[in-house]
Amino acid sequence: MNVLTTRRGFLGKAAGAGALLCLGDLDFLPVSAAEAQIKGVRLDPEIVPLVRFIEETPRSRLLEEMAGKVRRGLSYREVVTALMLAGVRNIQPRPVGFKFHAVLVVNSARIASLSAPDSDRWLPIFWALDQYKNSEARDVQEGNWTMAPVDEKSVPPSHQAKQAFIEAMDNWDEAAADAAVAGLARSSGANEIFELFCRYGARDFRDIGHKAIYVANSWRTLQMMGWQHAEPVLRSLAYALLEHEEGNPAKRDAAPDRPWRRNVELAKRIRADWTAGKADAGATKELLETWRKASDAEASQQVVEVLNRGVAPQSVWDALFEGAGELLMRKPGIATLHAVTTTNALHYAWQHSANDETRRMLLLQNAAFLPLFRGRAGAGADQGGQVDTLEPLAVKESGTGALEEIFADISRNRTTASRKALAFLGQTGQAKEFIDAARRYLFLRGNDSHDYKFSSAVLEDYYHVSPVMRDRFLAASTFYLRGSGGQETQLAQRIRAAFNT
């Protein structure tokens, strides 16, 4: 993809003159067929006015203007769709993180929003709108990347698009992949395309799991948006997955690529009926110990041995979820947080893939990634408490006061909060109440994309862990959840005011 420096001049004029504040309702913005391809990027004509509105309205007025349109009937789906399309069109997906979190977080905000009470439904989405404007400004400062038009003469015919895409991705060929994925989006089935991206999102450890996260989050958002919006999203995704350091990875032996290459052969050694095993808590504990000490190669090997003993994949996933949570307990930070969110993404892909080999590879890659995250965390990640031996601590208060006590402790002492959460969940069984409270504090106190990415992943994955272990997994989440300390963010106050005007 090429860089198009086309926004800086217009944004500067708009910010100086306030020229966009009188746009009014979107119904009064006619769009010709030619204009439907904004600067050469294919968009569904009906969504173009709203994408333009998000791109062109100054950050200082976007939330208020958008709230007005919502009050006049603009739908939830239209807002999320236009936000996602503005992001993939205007924010460079390299590195797959940093300012690109404005795109990565859309699905996380959507999940949080759908689980919220009606009174809070728009808070995460409008937070994401503001995050987009922040990232848009950073993108302008860093070179003003904009998605270029597809090289139409290079788009393969429909019957050749899939193979052309595979060859381009295997060869890390950006131009060929961009043309091929456009052909795929126009001719192939959604599930077939998802299967391809599942593999490429998990094939290397560059960007500490963000590639797998982008695959899962973009796919999930597209399910809500509609497949007619897929082409620009898939083009952005393919470009992101091909990020690498100097030198074509297909022609050298780079460390981030080694787990995949080893696991391709290792996956063949898993018994044919591997999905029919039995749950085994002892095997989960055994794997937890592996994550704590083993290398990435040893971790994948241990998964093969456990599966071949007849242990169910669920018991392996239990160990992966718990192990990721334990890393966060031992050394809270960005690296260990991404162990949790990457495991969430790989598990989502595993749940929805229909290809046996791909599912094996996703499991083995996740096993390899946990030791790599442990290494990224640095000194201290091999020390501290263990999730399976965490001791509960009685909560002094009862009823709603118990949750208030726990979330106050999150802001003071996360270890204490974790132990109290474990006691509270075990004694009351009120996981939903805990999760609802966590989301509420996220909406009011969250001020970073990682707050949304982490909370949406961990609160969702609580239900993916076996019942006997899920309370410990949720208790570990207190090491990054937002507590009740501090004030409501100014942005949350601004969003509330926008809807009360």
Side-chain angles (χ1 to χ4, degrees), residues 281-282 284-289 291-292 318-333 335-337 339-341 343-344 370 374 377 379-446 450-451 454-486:
T284 298
K285 188 175 182 63
E286 175 186 335
L287 287 168
L288 272 173
E289 191 61 32
W291 311 153
R292 291 167 185 151
D318 285 342
L320 291 167
F321 285 126
E322 300 282 335
E326 182 176 292
L327 278 175
L328 191 68
M329 288 174 57
R330 291 182 167 195
K331 193 169 184 181
T336 52
L337 174 150
V340 175
T341 54
T343 298
N344 170 266
L370 286 194
R374 190 186 72 225
D382 291 326
Q383 303 172 13
Q386 297 180 349
V387 68
D388 54 338
T389 58
L390 183 69
E391 290 290 337
L393 178 64
V395 183
K396 298 177 183 178
E397 301 293 333
S398 60
T400 58
L403 284 173
E404 292 173 1
E405 180 181 337
I406 292 169
F407 280 88
D409 279 329
I410 287 176
S411 298
R412 295 189 295 246
N413 187 315
R414 291 183 182 273
T415 299
T416 298
S418 181
R419 294 178 61 197
K420 288 183 177 180
L422 183 60
F424 171 82
L425 294 167
Q427 293 168 4
T428 69
Q430 294 179 355
K432 183 182 184 302
E433 289 77 2
F434 181 95
I435 289 171
D436 288 345
R439 286 200 173 99
R440 182 69 173 166
Y441 287 119
L442 166 69
F443 299 157
L444 301 181
R445 307 286 194 269
H450 295 104
D451 290 330
F454 173 77
S455 62
S456 290
V458 76
L459 299 180
E460 176 180 72
D461 286 337
Y462 169 79
Y463 297 101
H464 294 148
V465 180
S466 295
V468 70
M469 302 189 68
R470 58 177 53 151
D471 287 350
R472 291 184 175 275
F473 175 74
L474 192 55
S477 72
T478 61
F479 282 85
Y480 206 89
L481 289 175
R482 283 285 170 175
S484 59

Quiz item: Quick one: does Leu403's side chain get under 4.5 Å of Val395's, heavy atoms only?
Solution: no
Practice problem: Write out all pairs satisfying salt bridge (charged side-chain N to carboxylate O under 4.0 Å, His left out) with one or both partners inside residues 461-473, taking only residues at least two apart or from two chains. | Solution: none
Quiz item: Under 3.5 Å, is there a donor-acceptor pair between the side chain of Ser418 and the main chain of Thr415?
Solution: no
Quiz item: Is there a side-chain contact between Thr336 and Tyr480, using heavy atoms and a 4.5 Å cut-off?
Solution: no
Quiz item: Do you know the tightest heavy-atom contact between Gly325 and Ala476?
Solution: O-CB, 3.9 Å
Quiz item: Looking at Gly485 and Ser411, what are the two nearest heavy atoms and their distance?
Solution: N-OG, 2.8 Å
Practice problem: Check Thr478 against Ala421 and note the closest heavy-atom contact, atom names and distance. | Solution: CG2-CB, 4.1 Å
Quiz item: Do NZ/NE/NH1/NH2 and the carboxylate oxygens of Arg440 and Asp436 come within less than 4.0 Å?
Solution: no
Quiz item: Is Arg330 salt-bridged to Glu326, going by a charged N under 4.0 Å from an acidic O?
Solution: yes
Exercise. Using a 4.5 Å cut-off on heavy atoms from C-beta on, say whether the side chain of Arg292 contacts that of Arg374.
Key: no
Self-check item: Side chains of Met329 and Val387 in contact at under 4.5 Å (non-hydrogen atoms)
Solution: yes
Exercise. Indicate the atoms forming the closest heavy-atom contact of Ala319 with Leu288, along with that distance.
Key: O-CD2, 3.7 Å
Exercise. Work out which heavy atom in Leu390 is nearest to a heavy atom in Ala475; give both atom names and the distance.
Key: CD2-CB, 4.2 Å
Self-check item: Test: Arg439 and Asp451 ion pair at under 4.0 Å
Solution: no
Practice problem: Please name the residue in the list Arg414, Lys420, Arg419 that meets the salt bridge (charged side-chain N to carboxylate O under 4.0 Å, His left out) test with Asp409. | Solution: Lys420
Exercise. Go through the steps for Phe454 and Leu481 under the test side chain to side chain contact (heavy atoms under 4.5 Å, CB included), then give the verdict.
Key: CA-CA 8 Å; Phe454 173 77; Leu481 289 175; 4.0 Å; yes
Practice problem: Could you tell me whether a side-chain N or O of Thr428 sits under 3.5 Å from a main-chain N or O of Gln430, the two making a donor and an acceptor? | Solution: yes
Practice problem: Could you grab the distance from atom NE2 of His450 to atom OG1 of Thr341, nearest 0.5 Å is fine? | Solution: 7.5 Å
Exercise. Give a yes or no on whether the backbone of Ser466 and the side-chain of Asp318 come within a donor-acceptor separation of less than 3.5 Å.
Key: yes
Quiz prompt | Rounded distance [0.5 Å steps], OH in Tyr463 versus NZ in Lys432 | solution = 7.5 Å
Quiz item: What closest approach, in Å, do Leu425 and Ala431 show between heavy atoms, and which atom pair accounts for it?
Solution: CD2-CA, 3.7 Å
Self-check item: Verdict with supporting geometry, Thr343 and Leu370, side chain to side chain contact (heavy atoms under 4.5 Å, CB included)
Solution: CA-CA 9 Å; Thr343 298; Leu370 286 194; 4.1 Å; yes
Quiz item: Are any of the side-chain heavy atoms of Phe473 and Val458 separated by less than 4.5 Å?
Solution: yes
Quiz prompt | Contact check, side chains of Leu337 and Leu327, non-hydrogen atoms, under 4.5 Å | solution = no
Exercise. Any chance you could measure Asp388, atom CG, to Glu289, atom CD, to the nearest 0.5 Å?
Key: 8.5 Å
Self-check item: Partner residues of Glu460 under the side-chain hydrogen bond (donor to acceptor under 3.5 Å, both in side chains) criterion, sequence neighbours left out
Solution: Arg220, Asn344
Quiz item: Which class fits the ring pair Phe407 and Phe434: parallel under 30°, tilted 30 to 60°, perpendicular over 60°?
Solution: tilted
